[in-house]
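Numbering of residues begins at 1 and proceeds along the displayed sequence. Hydrogens, waters and symmetry mates play no part in the numbers below; they use all other heavy atoms, side chains included.
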Amino acid sequence: MSWISDPNFTEDQPFGPQTLPYGVVDGGVAVRVGDQALLLKSLALGKCSEYVQGDSLDPLLKAGRPVWSVLRAKLKEIVTATSAPKGAELVGIETAKLPFTVGDYVDFYSSRHHAENVGRMFRPDGDPLTPNWTHLPIGYHGRAGTVYVSGTEIVRPNGQKRGSDGPKFGPSERLDIEAEIGFVCGGPQSANVSTSRAAEHVFGVALVNDWSARDIQAWEYQPLGPFLAKSFATSIGAWITPLEAFSVARVPTPPLPNKLHDYLTCDQPWGLDITITVELNDTIVARPPFREMSWSFVQQLAHMTVNGATVRPGDLFASGTVSGPEKDERGSFLELSWGGKEPFKLDDGSTRSFLEDGDTVRLTATAPGEGGSVVGLAEVVGTVRSA
């Protein structure tokens, strides 16, 4: 029994005491308890109190793993007590906002199923994987200034697209999603982060939708990769689930066919058994399994910093599109419709290959927790409108 009266604050619900994700609402820094937010600024949290007094998670991200662990333990005691502690205040979650200042943003390409599907579509006569894919986590730098909190409207982007008589300019006609898992960094600024130390620099986990304009991308991406097709919007959940909440969800990554360089080898399993649900206009269209990702987040962070680049508090990196081996496990509409050749059907009888104005995409996700509980990731919702 807990003093918190909320039917969704139980261990069989995604946001019970086993999860306790951090966010920011109008009253300040909070943890989510069911469908409510517990403000932290007035609670007796000892030395941890100084990191949660403002209206951002930035000070907490800088504090590092020892503080994160102590604070989480204190909060578990508080929320599972039978009586409310002094200063406890529960508020709604409706005012949740982007909870931290996004530093650098990197997006990876770590699902073999996704990469092979894209390769088969665009290189039907060649190897679906590029020669480097099984040797390193492929990624690119995104745009931190267009990382938006869940609920932000997505404006259809303009750009150049391939035409019959040269490129044409206008709004994207092949607007797509990418269902991803994101990792929010913290702790001391550091370079050359080994796979054994990478978890010390990851504060928590969040759902990400990296919106993509496929027609713009197809024209611009050679030879340097994504640019305007990706930089217009990336959506992230408003609540960041601590990495510690996924202790039971850790699984080995699928084996790669070749020996890895030493800096990418791991002495522990750091794949995560997270299942994402993709809904379009209230129709579930896919359930991508994150456990199928070939590269783990610790390998991604090790690769990202091996050249001397630093990781800093507030940096965000995302997994790349999560796709599984089955058709209903594909994390992009490009794959679900096979490049537009096989439109998929919604519950209202309509069909889609790519997004239309007024469409709403909702991503949710869960993972197994301790004692048979369920760990949740905050939803990512976005509705498309024309410019």
Can you see which heavy atom on [X] is nearest to which on [Y], and at what distance?
X: L20; Y: V33; result: CD2-CG1, 4.0 Å
X: L228; Y: F232; result: O-CD2, 3.5 Å
X: I240; Y: P99; result: CG1-CG, 4.1 Å
X: R156; Y: P171; result: CD-CB, 3.9 Å
X: P17; Y: T80; result: CB-CG2, 3.9 Å
X: L377; Y: F246; result: CD2-CZ, 3.7 Å

Keeping the roles fixed (side chain from [X], backbone from [Y]), state whether a donor-acceptor pair exists under 3.5 Å.
X: T253; Y: W295; answer: no
X: Q36; Y: R32; answer: no
X: Q217; Y: A229; answer: no
X: T19; Y: P21; answer: no
X: W133; Y: E116; answer: no
X: T146; Y: S231; answer: yes
X: S350; Y: L346; answer: no

Taking the side chain as every heavy atom from C-beta outward, state whether L43 and L38 have any pair of such atoms under 4.5 Å apart. yes

Could you check whether any side-chain heavy atom of T234 comes within less than 4.5 Å of a side-chain heavy atom of Y148, counting everything from C-beta outward? no

Describe, in one word, how the ring planes of W270 and F297 are oriented to each other, choosing from parallel (under 30°), tilted (30 to 60°) and perpendicular (over 60°).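 The rings of W270 and F297 stand perpendicular, inter-plane angle above 60°.
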
May I ask you to say whether [X] pairs ionically with [Y], meaning some side-chain N is under 4.0 Å from a carboxylate O?
X: E173; Y: R214; result: no
X: E244; Y: K76; result: no
X: K97; Y: D55; result: no
X: K168; Y: D165; result: no

Can you tell me if [atom1] on [X] sees more than 12 non-hydrogen neighbours from other groups inside 6.0 Å?
X: H135; atom1: NE2; result: yes
X: E370; atom1: CD; result: no
X: R287; atom1: CZ; result: no

Looking at D107, V147, V106, which one forms a side-chain contact (heavy atoms from CB on, under 4.5 Å) with L316?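 The residue from D107, V147, V106 that satisfies side-chain contact (heavy atoms from CB on, under 4.5 Å) with L316 turns out to be V147.
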
Paired with S296, the side-chain contact (heavy atoms from CB on, under 4.5 Å) test is passed by just one of Q300, Q299, M293, namely Q299

side-chain contact (heavy atoms from CB on, under 4.5 Å) between T10 and D6: does it pass, once the steps are laid out? CA-CA 8 Å; T10 58; D6 187 312; over 6 Å; no

Going by side-chain contact (heavy atoms from CB on, under 4.5 Å), name the residues that satisfy it together with D328, two or more places apart in sequence or in a different chain.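 D328 satisfies side-chain contact (heavy atoms from CB on, under 4.5 Å) with E326 once adjacent residues are dropped.
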
Under the salt bridge (Lys or Arg N to Asp or Glu O under 4.0 Å) test, which residues partner D273, sequence neighbours left out?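 Per chain and number, D273 pairs via salt bridge (Lys or Arg N to Asp or Glu O under 4.0 Å) with R291.
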
Side-chain donor-acceptor contact under 3.5 Å, [X] with [Y]:
X: H114; Y: Y109; value: no
X: E335; Y: S323; value: yes
X: S172; Y: D215; value: yes
X: S190; Y: R197; value: yes
X: R250; Y: Q268; value: yes
X: W211; Y: S235; value: yes
X: S212; Y: D176; value: no
X: Q160; Y: W219; value: yes
X: N281; Y: T360; value: no
X: K345; Y: T351; value: no

Apply side chain to side chain donor-acceptor pair (under 3.5 Å) to residues N192 and T305 and explain how you reach the verdict. CA-CA 5 Å; N192 297 295; T305 60; 6.0 Å; no

Using ring pair (Phe, Tyr, Trp, His ring centres under 6.0 Å) as the criterion, list what pairs up with Y22, not counting sequence neighbours. F203

If Ile, Leu, Val, Met, Phe, Trp and Tyr residues are connected whenever their side-chain heavy atoms lie under 4.5 Å apart, and connections chain through other members, are [X] and [Y] in the same group?
X: L175; Y: V208; value: no
X: I4; Y: L39; value: no
X: V205; Y: F317; value: yes
X: V31; Y: L243; value: no
X: Y51; Y: V70; value: no

Is there a salt bridge (charged side-chain N to carboxylate O under 4.0 Å, His left out) between D282 and R362? Walk through the geometry before answering. CA-CA 8 Å; D282 298 320; R362 182 185 307 272; 5.1 Å; no

Intermediate values then yes/no, side-chain contact (heavy atoms from CB on, under 4.5 Å), L280 and F344: CA-CA 11 Å; L280 175 58; F344 54 93; 4.0 Å; yes

